[in-house]
Amino acid sequence: MALTLAQKITAAHSVVPADEEDAAPGRILNCRLDLVLANDITAPPAVKSFERMGADRVFDKRRVVLVMDHFVPQKDVASAEQIMLSRKFAAEQDLDCYFEGGDAGVEHALLPELGLVGPGDLVVGADSHTCTYGGIGAFATGMGSTDIAAAMALGESWFKVPESIRVSFSGRPGPHVGGKDLILWTIGEIGVDGARYKALEFDGPVIDAMPVEGRLTMANMAVEAGAKAGLFAADRSALEYCHKAGRTGDREIRPDPGAYYERHIRKDVTGMEPLVACPHLPENVKPVSELRDVTVNQVVIGSCTNGRIGDMRAAAEIFAGRRVKKGLRCIILPATPGVWKSALEEGLIAVFLDAGCIIGPPSCGPCLGGHLGILGAGERALATTNRNFRGRMGSLESEVYLANPRVAAATAITGVVTDPASL
Amino acid sequence: MRYTGQSLVVGDHIDTDAIIPAIYLVSSEPEELGRHCMDGLDPEWKKKIKPGASLLVAGRNFGCGSSREHAPVAILGAGIRVVIAHSFARIFYRNAFNTGLIPLEVGDDFAGFKEGDEIEVDMEAGKIFNKSNGKNIGFPPIPEGMRAVLDAGGLAGFVKKRLAERTR
């Protein structure tokens, strides 16, 4: 039987050797895990569940990763104490991968950058955007803290083999269109529950030519369409990315020709404008040119969606020689220490400072309304983040628009939602 | 097992930020999270809850968004044991089972519930009886993989059993 990427990776990890029938969508497989992840918000309840389970040791101290990234730098006493609890657990379990302070960055930017995930891996994380690693051909999905506690103890978790929706992109994307626009288009097309319980598998000439970072952005937001995973074949450029991250021995992985897909969506992106998701759902997608009247108080560039070095370069290209609109705050949070350092060495930080941007530490920060840029009642933000639910970035009376880093930079310059091509 | 109570009705795509806004994620205690249940939807909403005597009825894709287990825990902490919905977001559905919140997926039948309906849920029979309009709704059996977890009294109990088997 020809298999999709989702079928192939889950079946390959089945604890009991899986035959073709076991890999059929809907079958439940108990699978070995390559990596188990939690952050400063989800690790504390996972640790409590772990203890309730009577678990003593994690299944493999090299494969349980804790990243302190959401409420960092510690924003108040309670968040500091959550991190203390995580730190204590990491020390007791002698975890190889505990990231805090200057070693930490936004988890889904950090793990691929450090080479901790690779093609064909099966990864679970107590964070919905764990699906990001599908950008390098890993089957990765978010779960809650109790599932993650079980995964930490057993090194296994159960999965229902998902059906896959295939999305193929062809044509010539414009200079200001990237992975963010393609995933927003997809969510707009199928809706926020369009891939519920399914996997999204992306391919086509536009994907083949897309830098790996763009694929990570797309896989990251697969969950905004309800998907369990967003998957890309691991091709030569994915292998190069992983090799640069210090990995060895990775191999290409692709879906089998003739695999069964629940649906096949095709899109020619020629002539497509950058897209913006309007409040209060990621499916409310409009072309940027239709939103010229929307004024903005805050722009955020960063997050696990668009906080990588390619995103910083894209924003800097737009900011070069220009100024942030007076009265608007533009907050840039490079997602990892590595991204920060590269941005500094490449002169991007200077460009941002000259433009009047605020540059912050690697942190999830305002994306989930934690800190470092909260909206008051009546305020509006345009962000490169992934969710625009009501109240997501602060007041219930505030609004969030989602777009790519180029649109974000252009919007910061003019103070209204702006197509960079119009500058 | 039977659960009875009055329905509280919410709409489609109620996300986890609506169920429990991120600012409250500095605790994982049910009582504390329950005090802020649905604050992202309407900070006054929780006043309608009669602890132990309210059931939640929701539209499509309930619990979409974050993986925060705090969401089902907040609903439980507020005194609600059962959520009946058109459909659930995947992570929320798993989290609900793991934490002891009962998620019942009923598809289009959810539209038959009005705020304040008297509802009785019979888990064994797989039936929801709406006493206010006299209608019976069936719900599909618990998926096979989850039954083993429920039989062990939730995921913590299941893992405890598995760990004991390994050391034997």
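Excluded from the calculations below are hydrogen atoms, water molecules and symmetry mates; all remaining heavy atoms, backbone and side chain alike, are included.
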Cut-off 3.5 Å, side chains only: do A:Thr146 and B:Glu69 have a donor facing an acceptor? yes
Residues, nucleotides or ligands: over 12 heavy atoms within 6.0 Å of A:Lys88 NZ: no
Who among A:His129, A:Glu224, A:Lys48, A:His371 has the most heavy-atom pairs with chain B under 4.5 Å? A:Lys48
Is there a side-chain contact between A:Thr141 and B:Arg90, using heavy atoms and a 4.5 Å cut-off? yes
Spell out the residues in residues 190-198 of chain A that have some non-hydrogen atom less than 4.5 Å away from a non-hydrogen atom of chain B, in order of number; otherwise answer 'none'. A:Val192, A:Asp193, A:Arg196, A:Tyr197
Heavy-atom contact with chain B under 4.5 Å, split by part of A:Leu281: side chain
Highest number of heavy-atom pairs under 4.5 Å with chain B among A:Arg52, A:Lys228, A:His280 belongs to A:Lys228
Salt bridge B:Asp17-A:Arg387, side-chain N to carboxylate O under 4.0 Å: no
If you measure from CZ on B:Arg94 to CZ on A:Phe159, what distance do you get to the nearest 0.5 Å? 6.5 Å
Region of A:Asn30 that comes under 4.5 Å of a non-hydrogen atom in chain B: side chain
Between A:Gly54, A:Pro45, A:Gly391, the one whose heavy-atom pairs under 4.5 Å with chain B are most numerous: A:Pro45
Gap separating the CG atom of B:Leu155 from the OG atom of A:Ser157, nearest 0.5 angstrom: 8.0 Å
Chain B contact via A:Glu156 - side chain, backbone, both or neither, heavy atoms under 4.5 Å: side chain
A quick test of your reading: do over 12 heavy atoms of other residues, nucleotides or ligands sit less than 6.0 Å from NZ of B:Lys160? no
What are the two closest heavy atoms between B:Asn95 and A:Gly144, and how far apart are they? OD1-CA, 2.9 Å
Smallest separation among heavy atoms of B:Ser66 and A:Ser128, with atom names: CA-OG, 3.6 Å
Do any of residues 72-88 of chain B have a heavy atom less than 4.5 Å from a heavy atom of chain A, and if so, which, in residue order? B:Ser87, B:Phe88
A:Asp56 versus chain B, heavy atoms under 4.5 Å apart: side chain, backbone, both or neither? neither
Taking the side chain as C-beta and beyond, is there a heavy-atom pair between B:Leu163 and A:Leu154 under 4.5 Å? yes
Close side-chain approach of A:Ile41 and B:His70, heavy atoms under 4.5 Å: yes
Counting heavy-atom pairs under 4.5 angstrom with chain B, the leader among A:Ile148, A:Thr130, A:Asp147, A:Ile374 is A:Asp147
Find the distance between CZ (A:Arg390) and CG (B:Leu41) and round it off to the nearest 0.5 Å. 7.0 Å
To check you understand the geometry: which heavy-atom pair defines the closest contact between B:Val26 and A:Ala78, and what is its length? CB-CB, 3.4 Å
SG (A:Cys131) and CD1 (B:Ile91) are apart, to the nearest 0.5 Å, by 7.5 Å
Contact check, side chains of A:Ser49 and B:Val159, non-hydrogen atoms, under 4.5 Å: no
Interchain contact, B:Asp39 with chain A, by part (heavy-atom threshold 4.5 Å): backbone
Does B:Lys135, at its NZ atom, have more than 12 non-hydrogen atoms belonging to other residues, nucleotides or ligands within less than 6.0 Å? no
